[in-house]
Protein chains: 2
Amino acid sequence: MNEEAGDVGEERPLRADAARNREKILAAASRVFAERGLDATLDDIAEAADVGVATVYRRFPDKDALVLALFEDAIDELAALAARAEASENSWEGFVSFLEVMLERQCDNRGLRDVFTGSPYAQERMEAAKERIGPAFSALIARAQADGYLRSDVNVADILAIEMMISSLGGAKGGDAALWRRYLAIALDGLVVRRETTRDLPPSPPLEVIIAALHASKGVHRPHAKSHAG
Amino acid sequence: MNEEAGDVGEERPLRADAARNREKILAAASRVFAERGLDATLDDIAEAADVGVATVYRRFPDKDALVLALFEDAIDELAALAARAEASENSWEGFVSFLEVMLERQCDNRGLRDVFTGSPYAQERMEAAKERIGPAFSALIARAQADGYLRSDVNVADILAIEMMISSLGGAKGGDAALWRRYLAIALDGLVVRRETTRDLPPSPPLEVIIAALHASKGVHRPHAKSHAG
DNA sequence: CAGGATCCGGAGGACATCACTCCACTTGAC
DNA sequence: GTCAAGTGGAGTGATGTCCTCCGGATCCTG
């Protein structure tokens, strides 16, 4: 996938077991970052990969390199998808479908969301990657506005904000469908220019699901236990 | 305000300087928690109050007590405001005005927002306090739905989710008005049953403001610097 | 299969954070 | 003036995280 991250290149092929471990690490990191976000420890990832920490560090010089290897391509792919949505026949559908893509991926992957909220890992390269999405995103918005679908008093920043707000609920489910579909539907009803009826909503969540999602949306800070508690 | 927290009661009046310090601590804690959220250290608060840490701990047995003293009343006040909104003549206006109250307070006060997302400080009492808002909140929603203003396919959990999503942007400003007013307006356009035009939006924010707000919305995790960096 | 380069695990070093305490000293109240 | 009440801030201990060290296991070559 991404040769340059964490290795010298094609200098010397890895020993068989080392190559196997490298894949195990990438797979585990992908799982763990997706579930727990970029705050997950490399120790956690090593454990999930069934490998020692040192092995992780031998393959990837530091956490940044691992994050980069996993997410830079993912972001570039989003940029490509934005460009493809731009080519959509109907500008509103193109706009909506891209929002759906973003939400789907960010809600399935807390690590990806962390990248977008500006995590400190591999910051520079990630900022640069994110900026590669911008132009197509702006174009999608502009076209949907020019065609009279999307209200004209919102801008890129607004749509980005709305997308991030919705994704902050994470991958919680309401019934079968992901929860974000429900709130995207409501947001779209608020963003569309003309609207006769209300859009149908995906299944509603019980209150507990929302509460759990809200609790989970911020980092799971486990404060220190009292040392001298009675 | 709240006698029971952190003191034996009316047993023995505090010495003049001690009473003065207690107020300084409460004021500082209010400021610091509002700005930095409940993760702020008691050391931070002591510094802001221009007082030693020990002084804080002498007045409040632990962090929970301080949080409780500051926020339990605030939440009960929100419950009272919800009840008052219930008495509003127009059910839609009552519903909207309560959302505005919640958003205004939560956006001005990151600590209050932390309480609602379920921070671990004084957890039990806070959960109980929050539940005291529930009934009036449900009633507001039910009435706005019965009167044909609020779409009937949403429930309390949805409104709570939307309110929390919007407040996650914090107290950022777009022009003069707080940013949350803009996204509340859009959400309301998506939540109202019938809608001919779009609601006017408060001033829009530049992209940087949104990005900064997104960065700030999660805890400001400053990861450890590398120790052996070249 | 021998020998050496490569790779491994996991203990632990270095550092940071945070709730909370200890105690020599100061201050207010009578 | 006396002394209980109060104070500051260095210090403690628990926890968390990134990353390294090194004795030993593993793979590849001849």
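The figures here come from the full heavy-atom set of this structure, side chains too, leaving out hydrogens, waters and symmetry mates. Residue numbering restarts at 1 for every chain, and letters A, B, ... go by the order of the sequence lines.
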Between atom OH in A:Y121 and atom P in D:dT17, what is the gap in whole Å? 9 Å
Please compare A:V51 and A:D43 by the position of their nearest nucleotide in DNA chain C and report the one closer to 5'. A:V51
Which of the following nucleotides, D:dC19, D:dG9, C:dA19, is nearest to the side chain of A:V53? D:dC19
Interatomic distance where CG belongs to A:D62 and C1' belongs to D:dC18 [whole Å]: 10 Å
In chain order, what residues pass the side chain to side chain contact (heavy atoms under 4.5 Å, CB included) check against B:N109, with sequence neighbours excluded? B:A34, B:F71, B:L112
Grab the CZ-P distance between B:R36 and C:dC18 for me, whole Å please. 10 Å
Please report, rounded to the nearest Å, how far the P atom of D:dG16 is from the CG atom of A:L42. 17 Å
B:I25 CD1 to D:dT7 C1', straight-line distance once rounded to whole Å: 11 Å
Taking the side chain as every heavy atom from C-beta outward, state whether A:F33 and A:V67 have any atom pair closer than 4.5 Å. yes
Here's a test of your reading of the structure: between A:A19 and B:D44, which maps to the more 5' nucleotide of DNA chain C? A:A19
Test side chain to side chain contact (heavy atoms under 4.5 Å, CB included) applied to B:E23 - qualifying residues, sequence neighbours left out: B:L26
Nearest-angstrom distance from the residue atom OH of A:Y57 to P of C:dG13: 17 Å
Hey, can you pull the donor-acceptor pairs under 3.5 Å for the side chains in residues 175-186 of chain A, sequence neighbours left out?
from: A:R182; atom 1: NE; to: B:D158; atom 2: OD1; distance (Å): 2.9
from: A:R182; atom 1: NE; to: B:D158; atom 2: OD2; distance (Å): 3.2
from: A:R182; atom 1: NH1; to: A:P202; atom 2: O; distance (Å): 2.6
from: A:R182; atom 1: NH2; to: B:D153; atom 2: O; distance (Å): 2.7
from: A:R182; atom 1: NH2; to: B:D158; atom 2: OD2; distance (Å): 2.5
from: A:Y183; atom 1: OH; to: B:D158; atom 2: OD1; distance (Å): 2.4

Using a cut-off of strictly less than 4.0 Å, decide whether A:R58 has a side-chain nitrogen or oxygen near OP1 or OP2 of C:dG9. no
Check side chain to side chain contact (heavy atoms under 4.5 Å, CB included) between A:R84 and all other residues, then give those that pass, not counting sequence neighbours. A:L81
Hey, which of these two, A:T41 or A:A54, hits DNA chain D nearer its 5' end, going by closest nucleotide? A:T41
Protein-to-nucleotide contact annotation, 5' to 3' order, nucleotides 24-30 of chain C [B base; S sugar-phosphate only; - none; under 4.0 Å, heavy atom]: ---BSS-
For A:S138, what residues pass the side chain to side chain contact (heavy atoms under 4.5 Å, CB included) criterion, not counting sequence neighbours? A:V156
Using side-chain heavy atoms (C-beta onward) and a distance below 4.5 Å, is A:R58 in contact with A:N21? no
For A:E47 and D:dT17, what is the distance between atoms CD and P respectively, to the nearest whole Å? 13 Å
Answer yes or no: does a side-chain N or O of B:N21 lie under 4.0 Å from OP1 or OP2 of D:dG6? no
Starting at atom CG of A:L66, determine the distance to atom P of D:dC18, rounded to an integer number of angstrom. 11 Å
